[in-house]
Structure formats: structure tokens, C-alpha cells
Number of protein chains: 2
Amino acid sequence: MSKYRSAPTLDDVAKAAGVSTATVSRCLNTPQQVVEATRERVLSAVDSLGYTPNFAARVMAAKRSFTIGAIIPTMENAIFARGLQAFQEEIRKQGFTLLVSSSAYQPEAEEDQIRTLVARGADGLLLIGHDREARIYDYLDRQKVPTLVAWSYLPDKPIPSVGFDNRKAMKALANQVIGLGHTRLATISGISKGNDRARLRIQGIRDAMTEHGLPQDGLTVSETSYEIENGAEVFENLMLRDPPPTAVLCGNDVLAVGAVRQAQQMGLRVPEDVSITGFDDIELARIVSPALTTVHVPHREMGRKAAQELIHMIETSSEGHSIELSTNVVTRDSLLESNR
Amino acid sequence: MSKYRSAPTLDDVAKAAGVSTATVSRCLNTPQQVVEATRERVLSAVDSLGYTPNFAARVMAAKRSFTIGAIIPTMENAIFARGLQAFQEEIRKQGFTLLVSSSAYQPEAEEDQIRTLVARGADGLLLIGHDREARIYDYLDRQKVPTLVAWSYLPDKPIPSVGFDNRKAMKALANQVIGLGHTRLATISGISKGNDRARLRIQGIRDAMTEHGLPQDGLTVSETSYEIENGAEVFENLMLRDPPPTAVLCGNDVLAVGAVRQAQQMGLRVPEDVSITGFDDIELARIVSPALTTVHVPHREMGRKAAQELIHMIETSSEGHSIELSTNVVTRDSLLESNR
DNA sequence: AGCAAATATGTAAGCGCTTGCATTTATGAT
DNA sequence: ATCATAAATGCAAGCGCTTACATATTTGCT
């Protein structure tokens with residue numbers, strides 16, 4: 001029976017309540033504009049019919065969706081989870097809904113998803129990092145969709161960013177490593193192409209080396225994708241070199257965990273035989289043993305501030321401005337002074 | 001300048017290409033219906049104008065969105081990440097887009113998000129577990145949105161499910177624990193209200209106890225929310241009891257990791273002093289030391305099959321049928337025979 | 001060359017909602 | 001009571017697209 005009855009529309013409600021569709025619409029959107037008696041009648045009709053507004057129609061008519069889209073590189077690990085959760089909580093508080101897509105670190109998939117989200121009427125977009133084709137920025141500009149970047153802070157870019165200075169953050173950590181006497185360094189980085197964060201973190205290590213007068217060839221750089229297994233695999237190759245590095249700085253905690261596990265597999269003690277550091281300070285960093293010395297990122301604060309800034313851009317059609325958050329090195333057990 | 005030009009519409013493209021809007025629409029949706037010469041002209045117009053179809057309008061006209069919505073309890077930990085990623089990969093392969101929301105384990109938030117997704121024209125919905133208000137099922141029925149449940153397998157429920165038998169799975173693990181001589185058991189469960197998986201897992205432990213002739217009061221049940229800290233906190237209370245349990249079966253790996261860490265904090269050796277088990281077999285389970293004995297869930301298979309089944313339901317407007325996946329206990333280091 | 005059948009394109013009617021403007025009804029000061 | 005003013009409601013024009021159905025063009029036969 002219910003099979004042949006289709007979802008009620010505004011019109012059905014209007015008929016049932018004996019008013020015009022305009023009045024029903026007002027009851028739902030600007031209730032103070034309709035007198036109490038009418039409103040009650042309408043709402044009870046809404047109720048008894050089980051009416052829910054059709055979103056597509058509403059977006060089309062109102063040209064506003066109260067939806068914000070976010071595209072993150074991955075959902076598979078926790079790197080973006082905490083920040084995104086905070087982002088969602090904040091926008092929800094302000095009456096917006098979040099739509100999330102994951103690009104699996106594939107630029108084409110990301111472009112696709114940006115278009116999908118925009119076509120869907122997203123009022124604003126949250127993107128991770130600045131690296132992407134100019135074409136996409138043109139598109140965003142033409143469509144006039146307020147867009148904000150997070151997990152990076154590069155105030156000179158055309159799109160405002162709420163995040164931290166990846167280069168400076170990694171430099172601080174590298175300084176600490178070098179300060180402990182390490183001179184043969186290696187880094188296991190994410191793929192730096194199309195990933196400003198990965199690239200800048202490597203740069204940060206170089207900065208610290210230069211500052212301490214270490215030659216640049218004291219650093220071995222390996223790039224791989226962000227999974228535990230990859231961290232392990234690359235670490236193994238690294239340690240087979242002669243001489244092996246005494247400290248391995250990983251592009252994130254996930255890679256670092258892979259490295260730690262591989263070290264154990266190889267019978268190497270961390271940190272006595274080799275120091276390993278992470279980046280991000282996700283939960284994993286405290287769970288692995290030895291616990292990781294890593295760079296703490298204020299994920300929740302970043303998520304919250306990004307939400308506020310983006311909504312502000314949407315509401316005021318203003319340009320938006322970048323916000324820098326600070327990171328700090330958290331010292332745990334995976335980093336020790338060099339013994340060679 | 002671009003500020004005053006707004007996004008091009010189908011009509012603009014039609015004018016530019018010198019054809020009707022119908023033809024443009026066909027070029028985009030059923031290109032084989034339009035002759036090559038025309039098609040080229042149209043596509044180049046699309047291109048030079050940078051046209052992107054307006055999704056809301058398209059959904060409204062076509063009554064089809066090629067979008068599938070998924071609502072998961074949390075993005076904060078990895079429990080649903082892997083399965084969801086597989087789900088997304090599969091539906092993407094079939095031309096659908098995934099929209100994800102997280103309910104933060106709050107039923108009202110979930111209801112809200114279901115309505116949002118439906119109103120947005122989702123062609124189908126993926127939900128986790130069966131427990132929710134009847135009103136929601138009525139709504140889904142009335143809106144005729146194909147819906148599938150995952151992470152649970154309860155074929156008698158009105159909504160089909162693709163998942164595993166939580167009760168049976170936990171029973172298998174509990175059998176193993178009891179087989180090792182443990183009689184004083186405790187479980188750290190998620191909040192079971194509104195969570196059939198949590199409830200059934202507890203039930204599974206009871207089943208095993210009954211089968212082995214253990215009295216039901218040999219089990220202490222504590223419920224808390226799914227976070228590492230909570231696992232730790234509850235575990236502490238549990239071990240303060242006199243006598244303490246010799247084995248603690250946790251509702252998931254996250255809680256188990258919290259328990260392991262707390263044990264170490266308290267100077268207890270795992271598994272010599274107390275055994276701890278998890279559930280789900282997420283990455284964490286292998287990273288913590290001792291590695292967790294836990295129940296392995298075929299996350300990726302579940303995600304993929306759920307996607308296939310749901311799309312099948314959508315394409316054929318059929319009822320859909322439930323699929324049971326099997327789990328297995330993976331034996332690692334956190335469970336040992338009882339020494340009392 | 002001529003005609004029926006097949007193929008390509010155009011016309012226009014919605015899809016369900018919001019909102020500017022016009023109209024009706026209530027309010028309150030005289 | 002009366003009338004200007006304010007408050008509540010209705011009317012109807014879109015929003016940008018898809019898709020029957022109608023019309024025009026091409027194709028393949030004889």
C-alpha cells in the first residue's frame with residue numbers, strides 16, 4: 001500500500017492545512033512571519049503527512065544549501081579524523097551539515113569530488129593543503145565557492161589557510177634531533193608531488209641541517225605512500241645502507257609506527273640503536289612502544305577555527321584570512337642522543 | 001570581473017552551441033543519442049564556458065542522484081574506516097558517489113542525518129546496526145529509500161543486513177578464553193542501548209559461559225563509550241575488585257588498547273597477570289604490545305559486498321537480501337591460560 | 001527518384017521549493 | 001466608526017535540468 005503513495009510535497013501540506021504553499025514554506029523557514037493559529041495547523045499537517053522538504057528543490061529555489069563539503073586525502077588512518085570531527089561539530093553547531101569525501105591521495109579523484117560537491121550546492125569547501133591544478137582554482141573562483149585550506153599555513157597563497165607552518169614545525173623537531181648529535185639522517189616522507197605538507201617538512205629538515213652546518217648529503221630522502229607497511233619497507237632499505245642513518249625522521253606517525261615495528265623485526269633497539277620520530281601526534285604515537293617523539297598538531301583547534309573562518313566567509317561573502325596555529329615537539333621515548 | 005559573471009547554465013551552453021537545451025542534456029547524459037558533429041560542438045562549448053551541471057536541478061528533474069549516503073557512529077577511530085573505504089571504492093566503480101556523516105553515537109544526530117541525506121536525494125542508504133526508532137523505519141519506508149545495514153547480520157529484521165553475527169563471533173572468542181581456564185570474566189562493552197552489536201557481543205559471552213556451565217555472575221559487565229581513555233578507566237575499576245577478573249573481554253580493540261595501557265600503568269603484566277581481548281582486528285590490535293588476541297572482521301569484504309547489494313537494490317528496486325560474513329578469532333599475545 | 005523506417009533534434013511541461021509583490025485582514029490612534 | 005499602518009497570507013514567476021512527444025533529417029530499399 002505505502003508502495004503506491006509517494007512522498008508528500010509542500011503542495012500536499014498546503015492543501016491539507018488549507019493555506020498556500022508560500023505560507024507552509026514560511027512556517028518552515030521563518031515561522032515568526034506566520035500567525036500562531038495558522039502555524040499550528042500547518043505544522044500538524046506536516047506532522048501527520050510525515051512531510052520532509054525536498055532538499056534539491058529547496059537548494060535550487062533558495063540558492064543556499066547550508067552544506068559544507070570537505071575533501072580529505074584519506075579516511076583510512078586517523079590523521080585527519082580528529083580535526084575533521086571538531087570541524088563537523090562546529091559547523092553543525094552553526095546549522096550547517098558536513099559532507100565528506102576522501103580522495104585517496106589522488107588528485108583526479110579530488111578534482112572530481114570538488115566538482116561534485118560544488119554541483120551539489122555546497123556553500124563552502126574545506127580542502128587539505130594548497131597543491132592542486134590552477135584549473136581547479138579557476139573553477140572555484142568562477143563558481144564563487146568560498147574555500148579554505150587546512151593542515152597548512154601559507155598566507156601568500158590565493159586561498160586562505162588555517163593551519164600550521166609545516167616547514168617550521170619539522171625544523172624544530174630536526175633541530176632537536178641534530179642537537180642530540182645525530183649527523184646521518186634519513187626521512188621517510190609521503191609522496192611530495194602534489195603534497196605541500198610533505199615537501200615542506202623535508203625542507204624543514206634541510207633548514208635545520210644548514211643551520212647546524214651539516215652537509216645536505218647527510219640526509220637520505222625516501223618517499224612512499226602513507227601506510228604502516230610502507231614505513232616498514234622503506235625503513236628496512238634504509239637500515240641496509242652502509243653506514244645506516246642514526247635517526248629516521250618520518251613524515252607522519254603512521255610511517256613512524258611502521259618504522260618502529262620493522263626495527264623490532266630486525267632486532268634493532270629503538271631508540272638505542274636508531275632513533276625514529278613521527279609527525280602529527282595522533283593516538284597511535286602514544287600507543288606504540290617506544291612511544292613516539294613527534295610534532296604535536298592542535299587538531300581540534302584547527303578543525304574548530306577552520307569551521308568558524310569558513311562560515312564567516314560564507315555569511316559575509318568576504319575573502320577570509322589565514323590563521324596560523326602553533327605546533328610543538330613532544331618528547332617521548334623514540335628519540336635518544338646519538339652514540340656514534 | 002569574474003565577480004559579476006555567474007556560473008553558466010545549460011541554456012548558456014545551448015545558445016553557444018546553437019542547439020536546444022535538450023540536445024545539450026543528451027550530450028552529457030546519453031551521448032550516443034546525438035550525432036558526432038553536434039556533440040563535438042556542444043562539448044567544446046561546455047568546455048570553453050567551464051560549464052558544470054547543477055546537481056540540485058538535475059536531481060529534481062531526473063529523480064535520481066547517483067549518490068549513496070552512509071552514516072557511521074564515529075570517524076574518530078579506525079573501526080569503520082577500512083570497511084567504509086572499501087564501500088566507497090566499490091560504489092565509485094559503479095558510478096555512484098558516497099556521502100558520509102558521523103553521528104557520534106547519538107541517535108538524534110543519526111535521525112537528523114538520515115533525513116538530510118534522504119532529502120538530498122540519496123538513492124540509497126547504508127546504516128550501521130539495526131537499533132533505531134521505529135519512526136525512522138517508517139520514514140524510510142514511506143520515502144522508499146533502499147536501505148542496508150552493515151556490521152551486523154540479523155536476517156529477521158525488516159532491513160537486510162550485510163555483516164557478521166556479533167553474538168556468535170564473541171561467543172567463539174569467549175569459548176577460547178574459558179577453555180584456557182578463566183572463570184572470573186569481565187567485559188568492557190560499548191554503551192549497549194541503541195547498539196545491537198554491543199548487546200549481542202555481551203550475549204555471546206554469556207552463551208559461552210552457559211555452555212561451559214559457568215554461573216552468570218562470573219561475568220562483570222561495564223559499559224562505557226568507545227575511547228581509549230574509557231577503556232583504561234573502566235579497566236582500573238575492574239582490577240580494584242576483589243577478586244579481580246583474570247580475563248577482560250573488550251567490546252572492541254580501542255577499549256582493549258586502553259585496558260592494556262592501564263594494566264601497564266598499574267604494573268600488571270599482560271597476559272601473565274591478566275588476559276585482555278579485543279574485537280574488530282583493526283590496525284591498532286597489532287601495534288599495541290602485547291598484540292591483541294581479537295576477533296577478525298572482514299572489513300573490506302563487508303564494505304564491498306554491502307556496496308554491491310545496495311546498488312543492486314537500487315537498480316532493481318528489489319528488497320535486497322542479507323549476507324552473512326564469517327569472522328574468526330585471531331590469536332596473538334594478550335590472552336594466556338589462567339593461573340589461578 | 002521516391003517512400004517508409006530509423007535517427008537526430010526541438011518544444012515545452014514539469015520536478016518541489018522560495019520569495020518579491022499584490023492583496024487581504026488585523027491593529028490602533030483619532 | 002474611520003482610516004492609515006502594520007501584519008498575515010496568497011499569487012505566480014522562476015531556479016536549471018530531464019524527458020515525453022512532436023518534428024525534421026537521414027538512411028536504406030526498391
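Residue numbers start from 1 in every chain, and the chains themselves are labelled A, B, ... in the order their sequence lines are given, proteins ahead of strands. The shown structure was predicted, so the numbers you read here are calculated from the model rather than taken from an experiment.
A salt bridge links Glu315(A) to Arg64(A): one of the charged nitrogens lies within less than 4.0 Å of a carboxylate oxygen. The pair Lys93(B)-Glu90(B) meets the salt-bridge criterion, with a side-chain N (NZ, NE, NH1 or NH2) lying under 4.0 Å from an Asp/Glu carboxylate O. Using a cut-off of 4.0 Å between Lys/Arg side-chain N and Asp/Glu carboxylate O, Asp131(A) and Lys157(A) are scored as not salt-bridged. The residues Arg132(A) and Glu111(A) are annotated as not salt-bridged, no charged nitrogen and carboxylate oxygen being separated by less than 4.0 angstrom.
Arg41(B) places its CZ atom 11 Å from the C1' atom of dT9(C), with the value rounded to the nearest Å. As a whole-Å value, the separation of Phe66(B) CZ from dT18(D) P is 11 Å. Look at CD on Gln33(A): it is 10 Å from P on dT9(D), rounded to the nearest Å. Atom C1' of nucleotide dT9(D) and atom CG of Leu10(A) are separated by 15 Å, given to the nearest angstrom. The distance between atom CD of Glu36(A) and atom P of dA26(C), rounded to the nearest whole Å, is 16 Å. Distance Asp11(A) CG to dG14(C) P: 13 Å, rounded to the nearest Å. Taking atom CD of residue Gln32(B) and atom P of nucleotide dT7(C), one finds them 12 Å apart after rounding to whole Å. Atom-to-atom, CG of Asp12(A) to C1' of dC15(C) comes out at 13 Å; the value is rounded to the nearest Å.
Taking a 4.0 Å limit (strictly below) on heavy-atom distances, residues 44-65 of chain B reaches DNA chain C at Met60(B), Ala61(B), Lys63(B).
In this structure the side chain of Ile128(A) reaches within 4.5 angstrom of the side chain of Arg197(A), judged on heavy atoms.
Ala14(B) pairs by the side chain to side chain contact (heavy atoms under 4.5 Å, CB included) definition with Thr21(B), Val24(B), not counting sequence neighbours.
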Identify the pairs formed between an N or O of the protein and an N or O of nucleotides 20-22 of chain C at a distance under 3.5 Å, and give each distance.
{"residue": "dG20(C)", "atom": "O6", "partner": "Arg26(A)", "partner atom": "NH2", "Å": "3.2"}

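Residue Gln32(A) places its CD atom among more than 12 non-hydrogen atoms of other residues, nucleotides or ligands, all under 6.0 Å distant.
For dC17(C), the OP1/OP2 oxygens have no side-chain nitrogen or oxygen of Ser25(A) closer than 4.0 Å. For dT9(C), the OP1/OP2 oxygens have no side-chain nitrogen or oxygen of Ser20(B) closer than 4.0 Å. At dT9(C), one or more side-chain N or O atoms of Thr38(B) fall inside 4.0 Å of OP1 or OP2 (strictly under the cut-off). Dashed line: the shortest gap from a side-chain N or O of Thr9(A) to OP1 or OP2 of dG16(C) is not under 4.0 Å.
In this structure, the side chain of Asp196(B) does not engage the main chain of Gly129(B) through any donor-acceptor pair within 3.5 Å.
At the heavy-atom level, Thr23(B) lies under 4.0 Å from the strands shown only through sugar-phosphate atoms.
Using cut-offs of 30° and 60° on the angle between ring planes, the pair Phe96(A) and Phe66(A) is tilted.
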